[in-house]
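Shown next, in structure tokens, is the structure this report addresses.
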Protein chains: 2
Amino acid sequence: MMPHNTKKLRQTDARRIILEELKDLTSHPTADEVYEIVRKRIPRVSLGTIYRNLEILSENGQIQKLEGGGTQRRFDGNTGNHYHLRCVDCGRVMDLPTQPLKEIERALFNLVEYEIHHYKLDLIGVCPPCQAVKSKSSPPAAED
Amino acid sequence: MMPHNTKKLRQTDARRIILEELKDLTSHPTADEVYEIVRKRIPRVSLGTIYRNLEILSENGQIQKLEGGGTQRRFDGNTGNHYHLRCVDCGRVMDLPTQPLKEIERALFNLVEYEIHHYKLDLIGVCPPCQAVKSKSSPPAAED
DNA sequence: TTATATGCAAATTGTTTGCCTAGGC
DNA sequence: GCCTAGGCAAACAATTTGCATATAA
């Protein structure tokens, strides 16, 4: 694991508020969701500014960029190492309620001798809310 | 882990050749790379057909769609569970030379009680070729 | 014969960029 | 005052789609 190059950024309203909002959320919003959220506090903010800052903040190690959930990138204010559950039904990305597992990290770092910066672990399945919906409305043997 | 819904697809030249080529490669090509490869065998094939078939084949569980490596999606003819190394320098995606690790799977499936279809594990770091270049041409102190 | 797949090109989507002004330090 | 950051709109790149024709079953 490598440390991030945290450089000194100029403190602007947009930047500060984007970061604040992301730190408060566990919903891993997309850029346009962040845009809508920030717009409530800075009505004239532009989508370009959102994108620029999300990029800068993630380069700077203050947020995480999540890819792999389809077409849109998502952002995570939690920079600690944690795992995600991606729901195949609703597309939601949830944090798994656990610390990084020692046995996984041990296994991983025995695996290769290369320079490894970090790792990503995603479970793909059905999130609890969708699970609930399913079991509630499951007819004995649904036809067509 | 859930089985894939492998439905019967009509067998066309484009479909068959895309699959053949992907099964022969370990380079995880992008859609346009697949297009160039297939074009050598079907000169009038269209990029739309490539995209449509890559989508269909991955829905059908015959190939894997890889996302998260930046702007372009990549495709993998190896549908067995295996891990990837993503190179931060060159963007290459390599297979890790190992079987899925028992201790990882054990840890994972203890982690949640949800319905899990599969999981993805990516190491992010420097691939052997880039590593080699680095150590060979390492100047006293300079990068970029 | 009939539904599925294709070629082609236009459309869409998510993201990035240029340019000029505003504002943090 | 200098230089980074922002607003806005236009540009881009990757992917998707509509439609008329071709082809597998």
Side-chain angles (χ1 to χ4, degrees), chain A residues 5-22 27-60 62-76 86 91 93, chain B residues 5-22 27-60 62-76 86 91 93:
Chain A
N5 57 315
T6 304
K7 78 175 153 196
K8 185 67 186 161
L9 294 180
R10 185 175 287 186
Q11 156 113 342
T12 65
D13 284 358
R15 191 120 73 209
R16 179 176 44 78
I17 288 173
I18 289 171
L19 191 54
E20 275 175 26
E21 295 289 348
L22 275 177
S27 62
H28 314 92
T30 57
D32 58 287
E33 286 166 349
V34 173
Y35 176 52
E36 289 308 330
I37 291 166
V38 173
R39 218 134 79 94
K40 297 196 178 117
R41 300 178 59 185
I42 314 177
R44 291 178 51 75
V45 76
S46 82
L47 187 55
T49 293
I50 302 294
Y51 272 105
R52 269 190 276 238
N53 278 300
L54 288 171
E55 183 61 30
I56 289 171
L57 290 169
S58 78
E59 269 178 10
N60 215 44
Q62 294 170 273
I63 65 174
Q64 276 192 66
K65 201 190 296 184
L66 309 180
E67 313 184 80
T71 50
Q72 278 182 91
R73 204 166 282 171
R74 289 175 174 278
F75 297 89
D76 191 343
R86 296 180 179 276
V93 177
Chain B
N5 57 318
T6 304
K7 79 175 153 198
K8 186 66 185 160
L9 295 180
R10 185 176 287 189
Q11 155 112 345
T12 65
D13 285 359
R15 192 120 74 209
R16 179 176 45 76
I17 288 174
I18 289 171
L19 190 55
E20 275 175 25
E21 295 289 347
L22 275 177
S27 62
H28 313 93
T30 57
D32 59 288
E33 286 166 349
V34 173
Y35 176 52
E36 290 307 330
I37 291 166
V38 173
R39 219 134 75 96
K40 295 196 181 118
R41 300 178 57 187
I42 314 178
R44 293 179 47 77
V45 76
S46 81
L47 187 53
T49 293
I50 302 294
Y51 273 106
R52 270 189 277 236
N53 278 300
L54 288 171
E55 183 60 29
I56 288 171
L57 289 169
S58 78
E59 268 177 11
N60 215 43
Q62 294 171 273
I63 64 175
Q64 275 192 66
K65 201 192 296 185
L66 309 181
E67 313 184 79
T71 49
Q72 279 182 91
R73 204 165 283 170
R74 290 177 173 278
F75 297 88
D76 191 342
R86 295 181 180 277
V93 177

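Bear in mind that the values here come from a model prediction, so they are computed numbers and not experimental data. Here is the naming used below: chain letters follow the sequence lines, and residue numbers restart at 1 for every chain.
- For the helix from C:dT1-D:dA25 to C:dC25-D:dG1, the rotation axes defined at the first and last 5 base pairs enclose an angle of 40°, given to the nearest 10°.
- With rounding to the nearest 0.5 angstrom, the CZ atom of A:F75 is 4.5 Å from the CG atom of A:L54.
- Note: CD1 (B:I50) to P (D:dA13) measures 21 Å, nearest angstrom.
- Partners of A:R73 according to the salt bridge (charged side-chain N to carboxylate O under 4.0 Å, His left out) rule, which considers only residues two or more places apart in sequence or in another chain, are A:E67.
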A correct 5'-to-3' footprint of nucleotides 18-25 of chain D, with B, S and - meaning base, sugar-phosphate only and no protein heavy atom under 4.0 Å, is B----BBS
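- Contacts of A:E55 classified as side-chain hydrogen bond (donor to acceptor under 3.5 Å, both in side chains), with partners at least two apart in sequence or in another chain: A:K65.
- If you take CG of A:L54 and C1' of D:dG6, they are 14 Å apart, rounded to a whole angstrom.
- How far OG of A:S58 is from CG of A:L66: 10.0 Å, rounded to the nearest 0.5 Å.
- Using a 4.0 Å cutoff to heavy atoms of chain B, the contacted part of DNA chain C runs 5' to 3' from C:dA3 to C:dC8.
- Residues forming a salt bridge (charged side-chain N to carboxylate O under 4.0 Å, His left out) with A:D13 (at least two apart in sequence, or on another chain): A:R16.
- Every residue meeting the side chain to side chain contact (heavy atoms under 4.5 Å, CB included) condition with A:T49, not counting sequence neighbours, appears here in chain and number order: A:A14, A:V45, A:S46, A:N53.
- Whole-Å rounding puts the A:R44 CZ to D:dG7 P distance at 8 Å.
- Taking the side chain to side chain contact (heavy atoms under 4.5 Å, CB included) definition, one finds that A:T30 meets it with A:D32, A:E33, A:Q72, A:R74, sequence neighbours left out.
- Residue contacts for A:N53: at a heavy-atom cut-off of 4.0 Å it reaches the sugar-phosphate backbone alone, with no base atom in range.
- Taking the side-chain hydrogen bond (donor to acceptor under 3.5 Å, both in side chains) definition, one finds that B:T71 meets it with nothing, sequence neighbours left out.
- Evaluation of the side-chain hydrogen bond (donor to acceptor under 3.5 Å, both in side chains) rule for B:R86 yields B:D122 as partners, not counting sequence neighbours.
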Indicate every side-chain donor-acceptor pair of residues 35-42 of chain A with a distance under 3.5 Å to a residue at least two apart or in another chain.
from, atom 1, to, atom 2, distance (Å)
A:R41, NH1, A:E20, OE1, 3.0
A:R41, NH1, A:E21, OE2, 2.9
A:R41, NH2, A:E20, OE1, 3.0

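- Separating the OH atom of B:Y51 from the C1' atom of D:dT17 is a distance of 14 Å, rounded to the nearest angstrom.
- What separates OH of A:Y35 from P of D:dA9 is a distance of 10 Å, to the nearest Å.
- Atom CG in A:L47 sits about 11 Å away from atom C1' in D:dG7, given to the nearest Å.
- Proximity of A:R39 to the phosphate of D:dG7: no side-chain N or O atom is located under 4.0 Å from OP1 or OP2.
- Toward the 5' end of DNA chain D, the nearer of the two residues B:T49 and A:T49, judged by each one's closest nucleotide, is A:T49.
- Legend: residues meeting side-chain hydrogen bond (donor to acceptor under 3.5 Å, both in side chains) with A:T12, ordered by chain and number and at least two apart, are absent.
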